[in-house]
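See structure below.
We're numbering straight along the sequence, starting at 1.
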Amino acid sequence: MTGRRSTFVCGIGMRMAMETTKYRTGNTSRGLTTIFITLFLLFFAGNSIASPDIQKVGEDDVKRAIKLADRQIRRGGLAEAETILKKALELKPNDSSAKLKLAFVYVKMRRLLDAYELCFPIAKEEPKNAYAFAVLGATMLNAGRFREARLFFVNSIKLDRSEALAWAGIGMVDFYENGIGESLANLQEAVYHAPMEADFHYALAQVSARAEKYKEAAEAYEDFLRVSKNADDERRERIKGLINFLRFLGGKQALYQTGGASFTKVPFELIGNRPIVNLRLNGSDREFKFVLDTGSGISVISDETAKALGIKPITKGGFAKGIGGDGKFQIIYGFVKQMGIGDVIIRNVPVYFRKFHSDGKIDGYIGLSMISKFLTTVDYGSQSFILQKREDNMDDVAAADGISLPLRLTSSGFLSGEVQLEGIDTPLNFIVDTGASVSVISDEIATHNALAPFVRDEKMRVIGSAGITEDVPSFLLPRISFGSHSRKSITAIALDLDIINEASGFEQAGILGGNFLRNYRMTFDFKKSKVTFVSVNTDPEK
């Protein structure tokens, strides 16, 4: 029997954060099922800008062509840069400088196979070409192959200590692996060697914000706007709004200041595979229902709840890009003086305000930044949520029957881990998201031949922050494995994840949602970038 489900997708986030949530009602076998998938993404990636007439490239003008291509890259004109470089290579097909610059353009366009096929032979044939290894490292980094990327970046720096792309690349590897201090130092080195490279200032701003150096982050974003030639006015307005918010945060003594008990355990309600936690806002006795959402970098409050509590917007940041409709919605920044969860208090919490496309039963979403100071346990077996202050000398959290797996932090503030899909040989990066009731695969992965037999007749209707998308395909995946943990017959929907991937820094192939995660007790150690899984389901294949 064919059917139809409604899926709701909305979006916003700090440091480009994503929130994926779903809510389910009705009879599980025949009734109408409503699923929320809320993508919160503050989208800063640049768009291609129309260029002036592309000048002709003479046989001896490859260097000039590369300069013209660099100019287009800075303007966001990647297609124009590709055209210029291809014209140069028609005249001088073996010029490695033009090939490497074209490979770099392909990296920025996320055409990673094309980039690899250009830069790898050059690195092999020219073992002292520092830029070749830097571009090869950038290709590996964007593919999520961090170990190889680091090796190539290190080799590039050994060959040429002024190779800024390699310094920036190794800085981003450090960032994704939660080495924030090392990341800042390496990105500062990149900016020193290439002060007019806008992307390096942008990366430095992102990492500075992650390090809670908000004034420095604002300054780095201002440097980005100063040196950037990209004329995307909407993007610049978004960044200006973010700068205003960062300057506001920089004037606060401390954010996410913890108080109360050092340990608390509270129950949660599991609705549609997403945990709903009660918390208090600004000392109010009323309890508000918040989705616990490891897929969101920052906490979000509904505009109705903010209005009821008299919480005023701090600033507005233009319009973000979202799913559905015209693809845009307004960014509104806010600030909550105090949030209480059980016996724990968190003070000075940055938030976003947003209209929720739901039935009004949810007041907000708990983001990663609010709980990252704690060892955080989500126990689906006992339906309990545990926060414990993490001390520097605390032993690793492990259980006799548990397995710890590494998590990577994306540029956009998501937690990402390697997942194996049956039928696909290569491990894939999936966002680990307690706020998603079902899992997601990218529409690109959905076209893989191995998944063709598992397409379902049932379509879903996606209601997003920016409107509605009809007829979203769904799959019944034969098996998903995260480390040694496997589950059979996992439902997933296919979505276009391009917006996420343009912001995440390395390719994400999907979202590991609650229909997989609900079988476990998970303890997130944010300081050590890992999660410990303990099965709470005696049937490992369920």
If we ignore hydrogens and angles and just use 3.5 Å, is the side chain of [X] paired with the main-chain N or O of [Y] as donor and acceptor?
| X | Y | result |
| --- | --- | --- |
| T294 | V432 | yes |
| D293 | G367 | no |
| N155 | L151 | no |
| N282 | K337 | yes |
| S474 | A492 | no |
| R518 | T434 | no |

Is the closest side-chain heavy-atom distance between [X] and [Y] below 4.5 Å?
| X | Y | result |
| --- | --- | --- |
| Y333 | V351 | no |
| V536 | R521 | yes |
| F245 | P350 | yes |
| S416 | F430 | no |
| P473 | K459 | yes |
| T258 | F374 | yes |
| K289 | I276 | yes |
| D433 | V440 | no |

For [X] and [Y], which I'm curious about, is there any donor-acceptor pair between the side chains at under 3.5 Å?
| X | Y | result |
| --- | --- | --- |
| S481 | S486 | yes |
| N273 | S437 | no |
| S302 | T305 | yes |

Distance in Å, [X] [atom1] paired with [Y] [atom2], rounded so as to fall on 0.5 Å steps:
| X | Y | atom1 | atom2 | answer |
| --- | --- | --- | --- | --- |
| L517 | N519 | CG | CG | 8.5 Å |
| L477 | R456 | CG | CZ | 10.0 Å |
| I441 | I480 | CD1 | CD1 | 8.5 Å |
| R408 | S529 | CZ | OG | 11.0 Å |
| I301 | F290 | CD1 | CZ | 4.5 Å |
| L375 | K389 | CG | NZ | 13.0 Å |

Check this for me: does any side-chain nitrogen of one of E507 and R110 sit under 4.0 Å from a carboxylate oxygen of the other?
yes
Check ion pair K528-D525 (N to O, under 4.0 angstrom):
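So K528 does not pair with D525 through a salt bridge.
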Side chain to side chain contact (heavy atoms under 4.5 Å, CB included) assessment of M370 paired with M339:
CA-CA 9 Å; M370 197 177 104; M339 289 188 174; 3.0 Å; yes
Can you name the closest pair of heavy atoms from [X] and [Y] and give their distance?
| X | Y | answer |
| --- | --- | --- |
| Q508 | L497 | O-CD1, 3.9 Å |
| G513 | S439 | N-OG, 3.0 Å |
| I445 | I424 | CG2-CD1, 3.9 Å |
| S183 | F175 | OG-CB, 3.4 Å |
| L309 | S284 | CD2-CB, 4.3 Å |
| P453 | N449 | CD-O, 3.7 Å |

Would the F133 and F153 ring centres measure less than 6.0 Å apart?
no
For residues 260-271, dump all side-chain donor-acceptor pairs below 3.5 Å to protein atoms at least two apart in sequence or in another chain.
{"unit_1": "T264", "atom_1": "OG1", "unit_2": "D343", "atom_2": "N", "d": "2.9"}

Go through the steps to decide whether I298 and Y352 satisfy the test side chain to side chain contact (heavy atoms under 4.5 Å, CB included), and finish with yes or no.
CA-CA 8 Å; I298 187 172; Y352 285 107; 3.2 Å; yes
Looking at R145, I'd like to know if its CZ atom is crowded, meaning that more than 12 non-hydrogen atoms belonging to other residues, nucleotides or ligands lie closer than 6.0 Å.
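Open.
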Does E444, at its CD atom, have more than 12 non-hydrogen atoms belonging to other residues, nucleotides or ligands within less than 6.0 Å?
no
For [X], give me all partners under ring pair (Phe, Tyr, Trp, His ring centres under 6.0 Å), at least two apart in sequence or on another chain.
| X | value |
| --- | --- |
| F335 | F248 |
| Y116 | F120 |
| Y176 | F146, F506 |

Side chain to side chain contact (heavy atoms under 4.5 Å, CB included) between V378 and Y520, worked out
CA-CA 8 Å; V378 185; Y520 302 99; over 6 Å; no
Salt bridge (Lys or Arg N to Asp or Glu O under 4.0 Å) against [X], all qualifying residues, sequence neighbours excluded:
| X | answer |
| --- | --- |
| K108 | D199 |
| E117 | none |
| E212 | K373 |
| E422 | R479 |

What do the steps show when you test F385 against L292 for side chain to side chain contact (heavy atoms under 4.5 Å, CB included), and what is the final call?
CA-CA 9 Å; F385 176 51; L292 174 61; 3.5 Å; yes
[X]: what forms a side chain to side chain donor-acceptor pair (under 3.5 Å) with it, not counting sequence neighbours?
| X | answer |
| --- | --- |
| E418 | none |
| R347 | none |
| N186 | D174 |
| T377 | T523 |

Once you measure the plane-to-plane angle for F482 and F533, does it fall in the parallel (<30°), tilted (30-60°) or perpendicular (>60°) bin?
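Answer is perpendicular, since the angle exceeds 60°.
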